[in-house]
Amino acid sequence: LSMAAPAALQRSVVSPAGRHTASLIFLHGSGDTGQGARAWIKQILNQDMAFQHIKVIYPTAPARPYTPMKGAFSNVWFDRYKICNDVPEHIESIDSMCQGLTDLINDEVKNGIAKNRILIGGFSMGGGMALHLAYRFHQDLAGVFALSSFLNKDSAVYQALKRNKSALPELFQCHGTADELVLYSWGEETNKMLKSLGVSASLHTFPNLNHELNRTEIEKLKSWIIEKLPVEAPKAN
């Protein structure tokens, strides 16, 4: 078996009700799966997060040894030396996953979806992954969202943006003030840094919300998704 091409990521897909003209990639948090993230959102909304024209894709991170769990295997997008914002990033694992997720983006492009009609984001580690993917490798995406996420202080994302001259995707960020795993201050600092480097970024604060999602947040996210990926008028031939 050739080791050159990584296996395609498993994914759970919510198809659009009508004509597919845009795509949304939602990256789960550490230890979860695409199926799990979809079920969680479905439980919060009492229905799938579904759209008339947008295909929603929930990929699953392959299992790998995860240092914060003493090297136990977990479905994580990348490894971390520690869950904390002042350690170096595990850049090898981040970059190899950027390749796998680029394949996923390219699949949508092959299906006729333009890059500026694709949104990417996620919860916790999934949001951090999305920031690397969009701001380092895919600056022509429609936008990025990060829910309860953060970047390490000296992130490769910041280094890339310092050298950047082109227009950047807009960022929609949400964070609970009671988050005990990913501190609100880490999310806030990430937001400030990205803004200072030219990203148009919003930060929605949820008082008393821990490291979780809630309905108000998902509804806000849905409105932003529709704003970034509006229904396209059918093109006249």
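Sequential numbering from 1 along the given sequence is applied to the chain's residues.
Under the 3.5 Å distance criterion, the side-chain polar atoms of Arg11 are matched with a main-chain donor or acceptor of Leu9. A donor-acceptor distance shorter than 3.5 angstrom exists from the side chain of Trp77 to the backbone of His28, with no hydrogens or angles considered. At least one donor-acceptor pair under 3.5 Å links the side chain of Gln173 to the backbone N or O of Gly187. Side chain of Arg117 to main chain of Pro230: a donor-acceptor pair is present (N/O by atom type, distance under 3.5 Å, no hydrogens or angles). Here the side chain of Ser74 pairs no donor or acceptor atom with the backbone of Tyr66 at under 3.5 angstrom. Proximity of a side-chain donor or acceptor of Tyr135 to a complementary backbone N or O of Tyr158 within less than 3.5 Å is not detected. Judged by distance alone, the side chain of Glu232 and the main-chain N or O of Thr21 form no donor-acceptor pair under 3.5 Å. Counting only distance, with no hydrogens or angles, the side chain of Asn164 and the backbone of Ser166 share a donor-acceptor pair below 3.5 Å. The backbone N or O of Asn116 sits nowhere less than 3.5 Å from a side-chain atom of Asp140 that would complete a donor-acceptor pair. Listed for the Arg38 side chain is a donor-acceptor partner under 3.5 Å among the backbone atoms of Val13.
Ile105 and Phe137 are members of different hydrophobic clusters when ILVMFWY side chains are connected at heavy-atom separations under 4.5 Å. Hydrophobic clustering (side-chain heavy atoms under 4.5 Å, transitive across Ile, Leu, Val, Met, Phe, Trp, Tyr) groups Met69 together with Met97. Linking ILVMFWY residues whenever their side-chain heavy atoms come closer than 4.5 Å, directly or via other members, places Val157 and Val144 in the same cluster. Hydrophobic clustering, with ILVMFWY side chains joined whenever heavy atoms are under 4.5 angstrom apart, keeps Phe150 apart from Leu203. A continuous path of ILVMFWY side-chain contacts below 4.5 Å connects Ile120 to Met125, so both sit in one hydrophobic cluster.
Val76 approaches Gly31 most closely through the heavy-atom pair CG1-N, 4.1 Å. Contact between Ala134 and Leu141 at its shortest, heavy atoms only, is CB-CD1, 4.1 Å. Between Ser202 and Asn191, the closest heavy-atom pair is O-ND2, 3.3 Å. Considering all non-hydrogen atoms of both residues, Ser93 and Phe78 come closest at OG-CB, 3.4 Å. The heavy-atom pair separating Leu104 from Pro59 by the smallest distance is CD2-CG, 3.6 Å. Among all heavy-atom pairs drawn from Cys98 and Leu133, the shortest one is O-CD1, 3.6 Å.
Distance OG/Ser148 to CG/Leu183: 11.5 Å, rounded to 0.5 Å. Here the CD1-CG distance, from Ile83 to Asn152, works out to 11.0 Å after rounding to the nearest 0.5 Å. The CG atom of Leu209 sits 9.5 Å away from the SG atom of Cys174 when rounded to the nearest 0.5 Å. Atom CG of residue Asn106 and atom CD1 of residue Ile113 lie 13.5 Å apart, to the nearest 0.5 angstrom. In this structure, CG on Asp79 lies 10.5 Å from OG on Ser96, to the nearest 0.5 angstrom. Here the CG-CD1 distance, from Asp107 to Ile57, works out to 8.0 Å after rounding to the nearest 0.5 Å.
Between Thr67 and His90, the closest side-chain pair of non-hydrogen atoms is not below 4.5 Å. In this structure, Asp154 and Gln159 have side chains that are in contact, with non-hydrogen atoms separated by less than 4.5 Å. A heavy-atom distance below 4.5 Å is not found between the side chains of Met193 and Leu151. Side-chain atoms of Thr205 and Glu188, non-hydrogen and from C-beta on, never get closer than 4.5 Å to each other.
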message = Before you tell me yes or no, could you show the steps for Gln35 and Ser12 under side chain to side chain donor-acceptor pair (under 3.5 Å), namely the whole-Å CA-CA distance, both residues' side-chain angles and the distance that decides it to 0.1 Å?
response = CA-CA 6 Å; Gln35 196 63 49; Ser12 178; 3.3 Å; yes
request  = Quick one: do Ile118 and Val109 satisfy side-chain contact (heavy atoms from CB on, under 4.5 Å)? Show the steps, please.
outcome  = CA-CA 9 Å; Ile118 300 174; Val109 173; 4.2 Å; yes
query = Given Ser155 and Glu89, is the side-chain contact (heavy atoms from CB on, under 4.5 Å) satisfied, shown in steps?
reply = CA-CA 7 Å; Ser155 178; Glu89 289 175 322; 2.8 Å; yes
task = Before giving the answer on side chain to side chain donor-acceptor pair (under 3.5 Å), spell out for Asn75 and Thr33 the whole-Å C-alpha distance, their side-chain angles and the decisive distance to 0.1 Å.
result = CA-CA 7 Å; Asn75 293 89; Thr33 60; over 6 Å; no
Worked verdict on Ser149 versus Thr190 for side-chain contact (heavy atoms from CB on, under 4.5 Å) = CA-CA 9 Å; Ser149 308; Thr190 299; over 6 Å; no
ask   = Taking it one step at a time, do Arg80 and Val87 satisfy side-chain contact (heavy atoms from CB on, under 4.5 Å)?
value = CA-CA 9 Å; Arg80 285 184 169 138; Val87 294; over 6 Å; no
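A search for side chain to side chain contact (heavy atoms under 4.5 Å, CB included) contacts involving Asp86 returns Cys84, Lys153, not counting sequence neighbours.
Hydrophobic cluster of Ile218: the remaining members, joined at side-chain heavy-atom separations below 4.5 Å, are Val14, Leu24, Phe26, Trp40, Ile41, Ile44, Leu45, Met49, Phe51, Ile54, Val56, Tyr58, Leu119, Phe123, Phe145, Leu147, Phe172, Leu213, Leu221, Trp224, Ile225, Ile226, Leu229, listed by chain and number.
Taking a 6.0 Å sphere around CD of Gln10, one finds it holds 12 or fewer heavy atoms contributed by other residues, nucleotides or ligands. Taking a 6.0 Å sphere around NZ of Lys195, one finds it holds more than 12 heavy atoms contributed by other residues, nucleotides or ligands.
For the pairing with Tyr184, the ring pair (Phe, Tyr, Trp, His ring centres under 6.0 Å) check across His204, His175, His211 returns one residue only, His175. Applying the side chain to side chain donor-acceptor pair (under 3.5 Å) test between Lys115 and each of His138, Gln139, Glu108 identifies His138 as the sole match.
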